[in-house]
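For reference, the structure is listed below as structure tokens.
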Number of protein chains: 2
Amino acid sequence: MELTTKEKIIHSSLALFSEFGYHATGVRKIAKDVGIRESAIYNHFKNKEDILTHIIDKYFDSTFLLKDNINLNIDKPKSTLLDIAMSFKLLSYDKNSDKFFRFFIIEIMQNKNVRDKYLDNYLEKQINALSSLFFEMMQKGLIGSSDPISLAWEFLSSLFFYRFQISVFNIDRFQSSNTIASSFEKHISIFWNSIKNSN
Amino acid sequence: MELTTKEKIIHSSLALFSEFGYHATGVRKIAKDVGIRESAIYNHFKNKEDILTHIIDKYFDSTFLLKDNINLNIDKPKSTLLDIAMSFKLLSYDKNSDKFFRFFIIEIMQNKNVRDKYLDNYLEKQINALSSLFFEMMQKGLIGSSDPISLAWEFLSSLFFYRFQISVFNIDRFQSSNTIASSFEKHISIFWNSIKNSN
DNA sequence: GTCTATACCGAGATAGAC
DNA sequence: GTCTATCTCGGTATAGAC
């Protein structure tokens with residue numbers, strides 16, 4: 001697979017941004033990594049920030065969105081939840097997705113554009129989708145009655161943290177990520193055990 | 001309370017670092033915020049990185065460590081867990097601690113020194129302490145038998161995420177943090193409901 | 001589309017007067 | 001301990017030849 005220069009620039013930039021941060025990464029470094037001169041960068045991107053924007057637009061979805069063939073079969077509620085958790089786990093152990101994740105965590109804290117994307121395009125959608133799912137389950141009597149939004153937060157929180165933690169381990173303690181490899185499944189087990197209707 | 005120049009530098013630096021990041025914050029900006037010239041900074045710190053090091057050393061503990069008067073009364077297991085959660089909540093809604101938290105999240109991803117502190121001085125200790133607590137509870141038959149380390153991860157994960165999320169909301173959607181204000185308590189309720197021994 | 005050369009700026013940092 | 005003045009370096013970005 002032959003990458004165009006533009007693709008190479010994006011690829012190198014992302015690798016450097018996710019390791020050193022956006023500000024600490026110079027255009028010279030990017031150019032060197034690609035194998036061209038700084039000036040050649042500007043044939044493909046307006047400026048440095050333009051590279052950042054392209055990366056965000058191109059990779060945000062693939063970094064955060066779960067596989068969309070999740071079986072939302074309401075009659076098998078526990079395995080539906082497990083499916084979602086496994087989708088998180090898949091992303092966590094995907095090398096590329098993990099790199100983007102680190103990059104985005106940094107940018108969420110510093111870049112309003114990324115932060116808004118995270119809050120509106122990701123978090124809110126996830127919470128809404130999960131709330132609906134739990135609401136349905138309650139109506140069918142599969143789980144006890146309570147606030148579906150709170151359940152959604154509780155369900156998501158652990159999955160997100162495990163992904164965060166694996167991402168931190170993966171920087172320079174790759175082996176340690178094994179210690180929480182089974183946490184995604186364990187979460188479903190504990191969570192389901194708490195909310196299920198036991199009649 | 002009169003702050004020394006050195007303290008003022010640390011204070012201003014932290015505010016700027018946590019808002020714009022370490023690399024995006026110049027020594028000139030810090031000096032201006034303090035009300036002195038750049039050169040005067042160097043009477044107090046060797047260089048810019050030296051300021052960073054001092055901040056980390058001075059504030060890491062107060063950012064992450066829970067209040068140490070938590071009552072680890074094993075005979076009231078649920079309220080012990082609630083105490084821990086409330087300690088998290090307290091830190092989340094403390095304005096200063098919240099600022100440091102954002103700063104440290106960024107640095108965890110980019111700075112090996114901070115990352116090691118997070119992993120060794122914070123995370124491992126927390127997991128160990130919680131594991132011991134759950135182990136004791138199992139031995140006393142207060143909760144069902146399972147892997148105490150997994151329980152510790154599951155318990156901590158939600159609390160950490162809620163803190164993370166409140167910190168993100170607090171940047172420019174202060175109002176939204178209310179939506180998860182009760183999540184800390186809710187977490188204890190759901191978690192305890194799952195692990196308690198019901199005999 | 002990439003190169004060389006260069007402009008320009010702001011960064012971190014130092015010397016020495018006060 | 002702070003100031004002014006200044007240095008050097010590396011950053012982003014552009015002009016114009018090939």
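Scope of the values below: all heavy atoms of this structure, side chains included, with no hydrogens, waters or symmetry mates. Naming convention: chains lettered A, B, ... in sequence-line order (proteins, then strands); numbering from 1 in each chain.
One can place NZ of B:Lys6 at 14 Å from C1' of D:dG1, the figure rounded to the nearest angstrom. Atom CD1 of A:Ile51 is separated from atom C1' of D:dA13 by 12 Å (rounded to the nearest Å). If you take CD1 of A:Ile41 and P of C:dC3, they are 10 Å apart, rounded to a whole angstrom.
In terms of the side chain to side chain donor-acceptor pair (under 3.5 Å) criterion, residue partners of A:Arg173 (sequence neighbours excluded) are, by chain and number, B:Asp116, B:Asp120. With sequence neighbours excluded, no residue forms a side chain to side chain donor-acceptor pair (under 3.5 Å) with A:Asp75. Not a single side chain to side chain donor-acceptor pair (under 3.5 Å) links A:Glu49 to another residue, sequence neighbours left out. Partners of B:Lys117 by salt bridge (charged side-chain N to carboxylate O under 4.0 Å, His left out), not counting sequence neighbours, listed by chain and number: B:Asp57.
Applying the side chain to side chain donor-acceptor pair (under 3.5 Å) rule to pairs touching residues 122-143 of chain B yields nothing, sequence neighbours excluded.
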Seminar exercise, completed: Its contact letters, B for base, S for sugar-phosphate only and - for none at protein heavy atoms under 4.0 Å, make nucleotides 7-18 of chain C read ----BBBBB---
